[in-house]
Amino acid sequence: MTMAKAYQCGLPPTDGVGTKSRSFPAVHAIPCMRCCTDLGVEAFSLLPASARSRRFCMPKQRPSTAKHIQCATASVAAQAAVLATADSEEHPAVQTTLATLGWPALCEFVAKFASTTLGCQAVQRLNLPQEQAEVEALVKETAAVDKLETEYAVELDFGGTSTLQASGALKRASRGGMLVGAQLQAVASTLVGAARLQRSVMGASNAADGTGDYDLFSALTEHIGAMQSHSQIVKNISACVSEDGDIRDSASDEVRQSRGKLRAVENRLKAILKGHSGEISEMSGRLCVVLPASQQGPPKGILLGTSPGGGAFYIEPPSAVPLNNELSAARGEAAAAEENVMWHLTGQVIDNLADMQAALAIVIWLDVVTARARYGRWIGGTLPTFAPVPLAGKTSAKARRGGKVAERQSAGADGEEEEYSIRLKQLRHPLLLGRHLQEKERNSQQKRRGQHGAQLRRLSNRKQNTGLQSEDDNKLREENREDAAVLANGPVAIDVCVRPETRAVIITGPNTGGKTATLKALGLAVLMARAGLAIPAEAPVQLPAYSAVLADIGDEQSLSANLSTFSGHLRRIQAVRAASDSRSLVLLDEVGTGTEPVEGSALGVALLETLVKGGRGGAGFTMATTHHSSLTSLKFENDAFENASVEFDEQKLAPTYRLLWGVPGRSNALNIAAGLGLDASLVQAARDSLGTGQALVDSTIMELEGLKRNVTADHGAVQQLQRQMATLRRKLVSSRLDVAQSQASLQLRKAEAITKAVQATRHQMIPIMEQHKKEASAKKQEAQKAQEVEQHKKLVSQGWRPAVGSTVYVPRLNASLKVVKAPSLPAENAMLVVQKGFMQVSVSMSEIQKRKPK
């Protein structure tokens, strides 16, 4: 049984005291306690507290239909998709990780592409589902809107949609409150916007019918297709409420009459007040005149008040008192008429409350999806595909290594790309990229205005001339140099490609080399994928469907809590392990630091080996940074580990922020010291104290780095050649198509030329053929005429002569005439008389023929 049933208490709406209330219309929606006895305890518990204690009925909804139930279901689904937040029931370690990685800042970037107020608020709390099916559904929604706006040229327009005001209005209506004009107008504008969005989406879906895009668009149509926009209610509200939220005079006869009466009384009252000195004003709802204060006190009349300084009196003349009373009554009648109109419209809203709440939720949901799609285009991102999280295998490292090597060799022989569980090539840090794009847009706007360079020069000259460049300025400029480079050129792209058998990656290298930035970039990429966002990386992008991202990044010291750097790390690691399992991504920064190196290294090894095992307190994949070189030896003992390092340019004495996979990092302290001009004898003494073993290790690592760079360069060259081959292949195919098209075009031109020549010849032959036909016809006629003349002569020579009343043909008259007088002799020169009508003509026998020639 639904909440929309009709209640049968039979009592009229009252104010709870037993008297009829003027505030409620005849339609009821929210039940009283006496009506809820047949709803059951469960349904009654769903009522708001105000309804549970209400003794009398509030406006009643119409009986629900299947369509209303379907739309209400869509409302629940859409609201759950929009309003579910990442912090609903997450572990505290997950919340700490989101703040550490900068997830709220990234959501702010996405929120800039939201069009509605509630959509912006929902984007700032993007949902992060844990199940792979839910994540894939979010990605499908984003892909559908992106294709809708890019390939189908459909711009989803949210203009004029007042989601915040509409939400407040619907919430008030659900509690039985009356909606004022502005709230009704907000509901109407939201319904209009929802209908416009529905037409756009369904139109594109219909256009895609029969194509692969139709199934993609189903991610949108299954939500928005069943939405009810109630155009008739929108028309009713628009007819009664202006865009400013005022009730129109045409809303009802009662409103028009009461306002007419109000204006008439007001005009009469103003006419009376004009007969008194002073300016007409209003005080406490009564019209009066304003007179300057005097020592004699206020003049005759009712003193309604004084100005703030006491310099003026607000006087109501005695003659205006009756009309002011009448004006107050007229205003009350007008307000009551307006209230009746608003209650009537509110009743229509309450009758369809579930539909309208569903429409609002769908608008917010679609705004969130659209913001995700537009943000993805802004960063030039790629939507990810997902694979199950690789489980920890039970085979030995050696066996796994041999099997995977054989698979990769087979794949290489077939020319296919290696298999990766994580494939993020050319990954750029999302936050740094967003700042870079914002700075780029800002500079572009300033350049268009022609003010950027001039302002910088004036500021620089002013500082130099006034000596305002302090040591703090120089220090701040030095600290922000790297940020300025990122803003100007964008973040350096890195490759994070992890094979399925790898369960942990240990990154080593110098400080400020980009190790921590790599951890955060990977963590944000996984969170973006879970939220249905595109990732700023080269296509294709593939990630496991991690259920959680947990991180220990940063230095948490607290004197009040007696926490050192080492204690802070341990405290966060404990929280991470308490929340992690075999489907979690764990990010650890500076493992084993903050204490004695040997013990710290041993603790780091034990921690990483525990995480690699998976299970409760383990991890699906771990990426850790460290300065302990002993941790890099784990790769040679367990195939689940992999090494990586951040590259350092020894010529420039600066990091390149690139990752070198398979190569452990090495210390560059002595090389940096030598490059910075430290006494060579000191540097050499330091090298001697390290011994030949460390020097050999550093030399070997340097060779590995060189080989890795060469391999990377060769791989880049191969990719470049492959791209060139692909380009040439496309050009070849295009050239073949061009040749075929050229040949076809040539044959077509030849055929067209022949056709034109034939047509031209035909046009030239037509008059000649017609002339020949005329001449042939004329010769034929002459021959027939000559033959008939000969035949006539033969007849005449044989003694033929026409009888009176017979008909003969006279060629020179081109007429058949009746003989009225025949010749006496059949000679050629004999004369006879022929007649046609009243005209008689004399002709000789040589001028007539027996019959007209055919």
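Computed from a predicted structure; not experimentally measured. Residue numbers run from 1 in the order of the sequence given.
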Where at least one partner belongs to residues 155-171, residue pairs that pass salt bridge (Lys or Arg N to Asp or Glu O under 4.0 Å), sequence neighbours excluded: Asp157-Arg196
query: Checking Ser115 side chain against Phe158 main chain: does a donor-acceptor pair fall under 3.5 Å?
result: no
query: Does any N or O in the side chain of Arg256 come within less than 3.5 Å of the main-chain N or O of Ser250, such that one atom is a donor and the other an acceptor?
result: no
task: Please check if the side chain of Ser205 supplies one atom and the backbone of Val201 the other of a donor-acceptor pair under 3.5 Å.
output: no
- request: Provide the full list of side chain to side chain donor-acceptor pair (under 3.5 Å) pairs with a residue in residues 322-338, sequence neighbours left out, each pair given once.
  value: Arg259-Glu338, Glu282-Arg331, Arg286-Asn325, Glu316-Asn324
- prompt: Just by distance, do the side chain of Glu441 and the backbone of Gln438 share a donor-acceptor pair under 3.5 Å?
  reply: no
message: Strictly distance-based, threshold 3.5 Å: is any side-chain N or O of Thr346 a donor or acceptor partner for the main-chain N or O of Leu179?
response: yes
task: Verify, without hydrogens or angle tests, whether Ser444 (side chain) and Lys440 (backbone) share a donor-acceptor contact under 3.5 angstrom.
output: no
Check: Asp246 main-chain N/O paired with Ser242 side-chain donor or acceptor under 3.5 Å: yes
task: Check whether the side chains of Gln348 and Asn352 place a donor and an acceptor atom closer than 3.5 Å, and report yes or no.
output: no
query: Between His276 and Ser319, is any pair of side-chain heavy atoms under 4.5 Å apart?
result: yes
- prompt: Gln357 pairs by side chain to side chain contact (heavy atoms under 4.5 Å, CB included) with which of Leu353, Asp355, Leu360?
  reply: Leu353
query: Roughly how far apart are Asn340 CG and Leu345 CG, rounded to 0.5 Å?
result: 11.0 Å
task: With side chain to side chain contact (heavy atoms under 4.5 Å, CB included) as the test, would you mind laying out the steps for Glu439 and His436 before giving the verdict?
output: CA-CA 5 Å; Glu439 184 69 15; His436 163 67; 5.7 Å; no
- request: Look up atom OG in Ser231 and atom CG in Leu191, then write down how far apart they are to the nearest 0.5 Å.
  value: 9.5 Å
message: Could you check whether any side-chain N or O of Ser189 sits under 3.5 Å from a backbone N or O of Ala186, counting only pairs where one atom can act as donor and the other as acceptor?
response: yes
query: If you measure from CE on Met528 to CG on Leu524, what distance do you get to the nearest 0.5 Å?
result: 7.5 Å
task: Give the ring-plane orientation class for Trp378 versus Phe109, where under 30° counts as parallel, over 60° as perpendicular and anything between as tilted.
output: tilted
query: Does the Arg172 side chain pair with the main chain of Met178, one donor and one acceptor, at a distance under 3.5 Å?
result: yes
message: Can you tell me how far apart OH (Tyr314) and CG (Leu303) are? Round to the nearest 0.5 Å.
response: 11.0 Å
Under-4.0 Å salt bridge between Glu266 and Arg263: no
query: Quick one: does Ser307's side chain have a donor or acceptor within less than 3.5 Å of a partner on Gly311's backbone?
result: yes
